[in-house]
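Before any comments, here is the structure.
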Amino acid sequence: MASTVPPLASASIAPLQNDGLKANFKTGTSLQCTFLGKEFYKAKQSFTRTSMTVAVKVSRFNDITMAPPDPILGVSEAFKADTHELKLNLGVGAYRTEDLQPLVLNVVKKAENLMLERGENKEYLPIEGLAAFNKVTAELLFGADSAVIQQQRVATVQGLSGTGSLRLAAALIERYFPGSKVLISAPTWGNHKNIFNDARVPWSEYRYYDPKTVGLDFEGMISDIKAAPEGSFVLLHGCAHNPTGIDPTPEQWEIIADVIQEKNHIPFFDVAYQGFASGSLDKDASSVRLFAARGMELLVAQSYSKNLGLYAERIGAMNVVCSSSDAAVRVKSQLKRIARPMYSNPPIHGARIVANIVGNTELFNEWKEDMELMAGRIKSVRQKLYDGLKAKDNSGKDWSFVLKQIGMFSFTGLNKAQSDNMTNKWHVYMTKDGRISLAGLPSAKCDYLADAIIDSYHNVN
Amino acid sequence: MHGGKALLSPSSSADRRLSALVRHLEGSSSIVMGSKDSSIAASPTSARNSVFEHILQASEDPILGVTVAYNKDPSPVKLNLGVGAYRTEEGKPLVLNVVRRAEQMLVNDNSRVKEYLPIVGLADFNKLSAKLILGADSPAIQENRVTTVQCLSGTGSLRIGAEFLSRHYNQHIIYIPQPTWGNHPKVFALSGITVKFYRYYDPATRGLDFQGLLEDLGSAPSGAIVLLHACAHNPTGVDPTPQQWEQIRQLMRSKALLPFFDSAYQGFASGNLDSDAHSVRIFVADGGECLVAQSYAKNMGLYGERVGALSIVCRTPDVAGRVESQLKLVIRPMYSNPPLHGASIVARILKDSNMYQEWTVELKAMADRIISMRQKLFDALRNRGTPGDWSHIIKQIGMFTFTGLNRNQVSFMTEEYHIYMTSDGRISMAGLSSKTVPHLADAIHAAVTRLD
């Protein structure tokens, strides 16, 4: 890179250093530049095609700072750099087999082959997405025979997986419920705050995780939801809370629904693990269905990243349950108005895969089996980890939270220093909040992990 | 939308919703709150019945509405010239052979996974896309001054670019051509950028109002953003000549105006990928900065897969690195990371020289068919002695032709001849075939001779 001062007269363009350059664009026709302490005045910029006079100009983007790296990605990068043979990556937010391989479900491959054979076209989808997908996704979530479906009270719009669906809803809230807050759990998935911030929707937290019990701070949760201004949106994880793995019990869900109704709040579910948490699609949707059955209006974001392993295809949906079919029609039209200037219409591939699988009994059953297998593997490593902790730890500490928690993630209760010990001493990579991903834990490593956790918990402060 | 809205602090959620409703109505200006004729009364029960009561039905997208109307028409001679997608001579959508082949290879490759792409998308795709638009030998690429991020086709690339500029660029004004693609103003307005227009289409000549363009860009504030259609202007089909592009470039650089290219038709317009990238490349060649939104919807026929890329050409690699890091912060809260399938198809084709060749042949065939439809329509009108100068049909380029027909003439053509097109007189040449050109020519002839 050239660092000498180029002459003012014609010269070939060399990449310019920004240090020491100040340019004043506001004057328009003249540029005042300080370059290596010398001042140059250029009366006019003129360029010819073949000989470019030097533009002693600073990048218009010069003041842009380097954004901080994604905290979770940093974990994987550090893991890759580690050469220790016993290293374990428990930062990964995607399912891994016992052999620690990513998994493309057979049923997905079958669907893709079917689609290829049919030779379908690649025309634009409507703004709201693939109709067949929208139909099956709502039925999957609420149950095909549910009142909300029968009465056509759900506005369903295909979205870009969970994130994209949440963003559509956030934009709807900003536009039609200005000033309304979204209440999010403490802690919650890291990107929730970013989504609401970018959509300019105010948010505040409700207590959720209790480090003393490594469980749910139910009283705190209820109290905070009650204290929020009437008509707030309450963001709830439908199942397999991320990052804690701690879900309310069915009885607790009822009380949460009571409080929300009392305060005229609007429930806003993030359902990223339906079928992936317990292995049963219906069981994992029970919280959403409980609310819908009460006749409440609610928002539900869905993702097929984990339960169908379609991570990179970005397939999900935003569902808005309204008290009338007329309202649902209107809401859907406004969701479309939000999507159009964002990406015009959603990608077809993932939507067709889902529609083909759910629409075909054989494939649908195979999918259910696949989900049971994935959820089963995670449950079995939880069991093995728990057994190991119980057997090796003599302190009497209650490790049962490992079994009570559900889904891909678990909050271990380890603090930052203890988590660092996990990494530095034991080469176990996890996030600093004490979260581990069971999806990245092979059965063969459960004992090792138990040792690491016990050591970190007892010997580090 | 651009900040600066008065903060509301209504006491109840019902009040809040009603306030939102009032603001919504004030925007549409046709109904006055409180008037006896207002159908939106603040009844106590309506607020309780649904929290969404105040949300009105949005009107149908005008361009998509054309197809809706077309579908309803039972006439056997109906013609859909609203569609912005390529059709074969048989009137069918087309999936390129090379695309099918690439897709076959991808689906049959058992080593492929569906793990999340990085936030910026598929690395190969990004590199190859930058090369495609900027040229493989582009110094900007060689000097590592370009950041390219995979986005959701053209729209997504524009939106990410707009959001980025709104946050990190000091001039929040964009000049867009009059007319332009209907979605452009919305994309920028929602990102918090003020939209202004520069003169572009001259109805008198059915060509470029070059003087007006120069005047309007010349009076733009220094540093303003300027949207440029790289080729095949949508909806007019009117492009500047290379000489005119050079003048535009000089003017823009002299005023430090920031170019933001929308490249949706590279290769699809002239049939030649390099020619269609000429406008972008002369700007990049002068060492200055610019943004380029690319779409593979038309030139690879990947419409529904939503494949595109945003490239930002910066002065230095250091700036490019920082810009990329900030683009990620825009993308992550919008959709986290982009879809894999379409980008994989593109990357597969672009990196394989045989497939790339095959693609250029199929691409040229599409462009040629459209060019031949232009010629056929022009000849048909000339043969009918249709009054007026119709040479703009063969002078304009790309998928669309701005016929110059007015609203009345367009309605007439729809009612009497079952021709479906947008009311601005735009027709999609891609929707024409040799068989249907005579019918369209008859319709135009009738419209022009019977109505003014």
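Every chain is numbered from 1 and lettered A, B, ... according to where its sequence line falls, protein lines coming before strand lines. Scope of the values below: all heavy atoms of this structure, side chains included, with no hydrogens, waters or symmetry mates.
- Annotation: maximal heavy-atom pairing with chain B below 4.5 Å, among A:L125, A:L168, A:I127, A:V331, occurs at A:V331.
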**Request:** Go through B:Y169 and A:R60 one step at a time and tell me if the side-chain hydrogen bond (donor to acceptor under 3.5 Å, both in side chains) criterion holds.
**Result:** CA-CA 7 Å; B:Y169 188 59; A:R60 306 140 194 279; 3.2 Å; yes

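- Just one of B:N337, B:L117, B:L152 meets the side chain to side chain contact (heavy atoms under 4.5 Å, CB included) condition when paired with A:R314; it is B:N337.
- Scanning all heavy atoms of the two residues, the minimum distance from A:N345 to B:R306 falls at O-NE, 2.8 Å.
- When every heavy atom of A:E297 is checked against every heavy atom of B:S50, the shortest pair comes out as OE2-OG, 2.6 Å.
- Between B:H341 and A:H349, the ring planes are parallel. Angles under 30° get that label, and only those over 60° would be called perpendicular.
- Proximity to chain B (any heavy atom under 4.5 Å) is shown, for A:R153, by neither the backbone nor the side chain.
- Only the backbone of A:P346 comes within contact range of chain B, with heavy atoms under 4.5 Å apart.
- The parts of A:T65 that come within reach of chain B are both its backbone and its side chain, each placing non-hydrogen atoms under 4.5 angstrom from that chain.
- A:S324 does not touch chain B: none of its heavy atoms, backbone or side chain, sits under 4.5 Å away.
- Atoms CD1 and CG, on B:I55 and A:D326 in that order, are 11.5 Å from each other to the nearest 0.5 Å.
- Ion pairing between a basic and an acidic side chain is recognised when a charged N comes within 4.0 Å of a carboxylate O; A:D198 and B:R167 show such pairing.
- Taking CD from B:Q326 and CZ from A:F61, the interatomic distance works out to 12.0 Å, rounded to the nearest 0.5 Å.
- Expressed to the nearest 0.5 Å, how far CZ of A:R340 lies from CG of B:N183 amounts to 4.5 Å.
- Per-residue counts of heavy-atom pairs under 4.5 Å with chain A were compared for B:K328, B:E103, B:E305, B:K186; the largest is that of B:E305.
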